Colleague: 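Structure in structure tokens, see below.
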There are 2 protein chains.
Amino acid sequence: MREGPDIARIASLVGDPARANMLSALMGGTALTASELALEAGVSLPTASSHLSKLMEGGLLTLASQGRHRYYGLAGPQVAGMIEAITGVAAAVGPQRVRPGPRDAAMRVARVCYDHLAGEQAVAMLERLVARQVLLRDDKEIQLGPSAASHFAAIGIDIHTKARRPVCRACLDWSVRRSHLAGTLGAAILDKILAEKWARREKDSRAVIFSPAGKQAFENTFLA
Amino acid sequence: MREGPDIARIASLVGDPARANMLSALMGGTALTASELALEAGVSLPTASSHLSKLMEGGLLTLASQGRHRYYGLAGPQVAGMIEAITGVAAAVGPQRVRPGPRDAAMRVARVCYDHLAGEQAVAMLERLVARQVLLRDDKEIQLGPSAASHFAAIGIDIHTKARRPVCRACLDWSVRRSHLAGTLGAAILDKILAEKWARREKDSRAVIFSPAGKQAFENTFLA
DNA sequence: CGCATAGTTCGTTCCTCATCGAAGCATCCT
DNA sequence: AGGATGCTTCGATGAGGAACGAACTATGCG
């Protein structure tokens, strides 16, 4: 029996799927709230809360309380490096490329990422909005352009800049290797897509299926 | 829910104490047999075998069969780097220095490491043997010196060089940060210590307790 | 003050997985 | 061949821990 640092304890913290998802989500560098992490991990809030306290106790996370929001973030670069190392091994040994089924294909095209749209459609939308200078992309940050308010108002989306949560955020897409739009604006756009019934959510999946007419409407609105 | 490499799967492999001990033991770089790893992990052979097949399936280990021996080793530097990273985090966040109890003190002085002696006594012994050129230390390797055979024969230990297993091997000591002697010679020395009743093994522990007379005899024999 | 939102705690259920004994293969030694 | 050693497989047992609903606390808003 070996002595020394308890590596099993740390590894088992990462070894639970829900916690691993949370940690992966935090690898972006931005701190997230408990409810955001719950959605990211696909578990209920109580479950997420339990996991988060375990991660805190294990020293893997830091906590910044802001009013009733509690922002969890990775404890430091050493922890991030560890996740990277594990991810590297997982990617290396796990090229168990399951043949992508129909649902996976749909997922690549459009899916829900927390509360906003991800996938090829979402990436294309963000790039178009930036090209038209409705949004301004400054390195990793995304800002509203001068015409943003009127542009989105015309579509039927008004931008709440008062919220604590940022209006725009870049979120790295898994399938494509580019970013899509998160933040309250990203959420509002997803809301509109579902409200207008341009698309529906697949049951028990993150996939978002556009109807033919809905796809056309979406493209007219955001990809014109 | 995140996509991409299944980091939880890899981390959970490391997250079991028995498997973590095995992996730590293999961090030395030398491949070990299933029974060695079972002892190292403190589990029975069937249990160890089950763990090893899981680690194999996870791609963390390589297997080299030599006759009826099966030598398990880390799959590569990437895996080793991952273990390092996890160990680093565990050491950083876990300075939960429990006050060392009496048994821990005894463990630091002398304990069993698989089939040979470890701890301060063992480290001192190896350094003395090297200083007297009975053994020759070449970087990480340990060789028998010219006088080794006669020296150990005088003590009552004959060296079997025929065995597949190496006669001498350096094994990094956990408590002290230096090496002690493993291999068949290390095992033979431990056998002698116990056979002469210079020391006894603590029940349910790896600690080795020397009697006052036994300690004297040991020092006369190996530390002179 | 009352309502809504964000989180945690508690208690229960359930399932995975680590564990070991016994038995079965495989390989080596003489 | 026959025995010994090294290791794996099988089957049964048991404990840890992940999950969620319900209830509770805390903060913000009007």
Side-chain angles (χ1 to χ4, degrees), chain A residues 1 6 8-23 31-58 61-73 114-115 160 162-165 184 187 204, chain B residues 1 6 8-23 25-26 31-58 61-73 114-115 160 162-165 184 187 204:
Chain A
M1 257 188 284
D6 191 352
R9 177 164 168 268
I10 300 300
S12 69
L13 282 174
V14 188
D16 177 83
R19 287 193 293 262
N21 282 329
M22 291 175 173
L23 292 167
L32 299 172
T33 65
S35 25
E36 283 171 324
L37 288 166
L39 272 165
E40 197 73 49
V43 295
S44 72
L45 236 167
T47 305
S49 184
S50 157
H51 285 307
L52 287 169
S53 61
K54 276 169 190 152
L55 288 170
M56 284 295 297
E57 198 179 357
L61 297 185
T62 55
L63 173 59
S65 285
Q66 283 183 16
R68 62 179 161 179
H69 293 264
R70 314 192 74 185
Y71 286 91
Y72 290 92
Y114 173 37
D115 62 355
H160 303 283
K162 311 263 181 176
R164 215 180 303 270
R165 195 171 155 216
T184 55
D204 288 331
Chain B
M1 254 184 288
D6 191 352
R9 177 164 168 266
I10 301 300
S12 69
L13 283 174
V14 188
D16 177 82
R19 287 192 293 260
N21 282 330
M22 292 175 174
L23 292 168
L26 292 171
L32 298 172
T33 66
S35 25
E36 285 172 322
L37 288 166
L39 271 165
E40 197 71 51
V43 295
S44 73
L45 237 168
T47 304
S49 185
S50 155
H51 284 308
L52 287 169
S53 61
K54 278 170 189 152
L55 288 170
M56 285 294 297
E57 198 180 357
L61 296 187
T62 54
L63 173 58
S65 285
Q66 284 184 13
R68 62 180 159 180
H69 294 263
R70 315 192 71 186
Y71 287 91
Y72 290 92
Y114 175 36
D115 61 355
H160 303 283
K162 310 262 181 178
R164 214 181 305 269
R165 194 171 158 216
T184 55
D204 286 333

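Hydrogens, waters and symmetry mates are skipped; everything else that's a heavy atom, side chains included, is used. Lettering of chains follows the sequences in order, A, B, ..., and the numbering in each one begins at 1. Model, not experiment: these values are computed from the prediction.
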Colleague: Taking B/Arg19 for the side chain and B/His51 for the main chain, is one N or O donor matched with an acceptor at less than 3.5 Å?
Modeller: no
Colleague: Closest approach to the side chain of A/Tyr72, judged atom by atom: which nucleotide of C/dT19, C/dC20, C/dT8 is it?
Modeller: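 Nearest to the side chain of A/Tyr72 among the choices is C/dT8.
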Colleague: Would you indicate, yes or no, if C/dC17 has its OP1 or OP2 atom less than 4.0 angstrom from a side-chain nitrogen or oxygen of B/His51?
Modeller: no
Colleague: Between D/dG17 atom P and A/Leu55 atom CG, what is the distance in whole Å?
Modeller: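 Rounding to the nearest Å, CG of A/Leu55 and P of D/dG17 are 14 Å apart.
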Colleague: Please state how far atom CG in B/Leu45 lies from atom C1' in C/dC25, giving the value in whole angstrom units.
Modeller: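 To the nearest whole Å, that distance equals 14 Å.
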Colleague: Where do B/Thr33 and B/Tyr72 land on the side chain to side chain contact (heavy atoms under 4.5 Å, CB included) test, with the steps shown first?
Modeller: CA-CA 6 Å; B/Thr33 66; B/Tyr72 290 92; over 6 Å; no
Colleague: Counting just side-chain N and O atoms, does B/Arg70 come under 4.0 Å of either OP1 or OP2 of D/dT8?
Modeller: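 The answer is yes; a side-chain N or O of B/Arg70 sits under 4.0 Å from OP1 or OP2.
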Colleague: What is the distance, rounded to the nearest whole Å, between atom CZ of A/Arg9 and atom P of D/dG17?
Modeller: 12 Å
Colleague: Could you tell me whether the side chain of B/Leu61 reaches within less than 4.5 Å of the side chain of B/Leu23, counting heavy atoms only?
Modeller: yes
Colleague: Which whole-number value in Å describes the distance from A/Leu37 CG to C/dG7 P?
Modeller: 9 Å
Colleague: Send over the distance from B/Leu52 CG to C/dC20 C1', rounded to a whole Å.
Modeller: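 The distance from CG of B/Leu52 to C1' of C/dC20 comes to 16 Å, rounded to the nearest Å.
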Colleague: Tell me the interatomic distance from A/Met56, atom CE, to C/dT8, atom P, rounded to whole angstroms.
Modeller: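 One finds 10 Å between P of C/dT8 and CE of A/Met56, rounded.
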Colleague: Side chain of A/Ala34, heavy atoms from C-beta onward: which of D/dC7, C/dG7, C/dC20 has the nearest atom to it?
Modeller: C/dG7
Colleague: Considering all heavy atoms of both residues, which atom of A/Met22 and which atom of A/Ala41 are nearest to each other, and what is their separation?
Modeller: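 Nearest heavy atoms, A/Met22 then A/Ala41: CG-CB, 3.9 Å.
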Colleague: Nearest to the side chain of A/Arg19, heavy atoms from C-beta on, is which of C/dT19, D/dC7, D/dA18?
Modeller: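 Among C/dT19, D/dC7, D/dA18, the one nearest the side chain of A/Arg19 is D/dA18.
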Colleague: Just verifying a value: how many Å separate B/Ser35 OG and B/Glu40 CD, rounded to the nearest 0.5 Å?
Modeller: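 It comes to 12.0 Å.
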Colleague: Between C/dA6, D/dG6, C/dA18, which nucleotide gets closest to the side-chain atoms of A/Ser35?
Modeller: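 In terms of side-chain proximity for A/Ser35, the closest of C/dA6, D/dG6, C/dA18 is C/dA6.
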Colleague: A/His69 has a side chain; which of C/dA6, C/dC20, D/dA18 sits nearest to it?
Modeller: C/dA6
Colleague: May I have the distance from A/Leu61 (atom CG) to C/dT8 (atom P), rounded to whole angstrom?
Modeller: 12 Å
Colleague: What's the CD-P distance between A/Glu36 and C/dT5, to the nearest Å?
Modeller: 16 Å
Colleague: Taking the side chain of A/Pro46 as its heavy atoms from C-beta onward, which of D/dA22, D/dA19, C/dA18 lies nearest to it?
Modeller: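 Nearest to the side chain of A/Pro46 among the choices is D/dA22.
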Colleague: Which nucleotide, D/dC7, D/dA18, D/dC20, lies nearest any side-chain atom of A/Ser44?
Modeller: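 The nucleotide sitting nearest to the side chain is D/dC20.
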Colleague: Under 4.0 Å, counting only non-hydrogen atoms across every strand here, what does B/Ala48 touch: a base, just sugar-phosphate, or nothing?
Modeller: nothing
Colleague: Within the structure, does a side-chain N or O atom of A/Lys54 lie under 4.0 Å from either OP1 or OP2 of D/dA18?
Modeller: yes
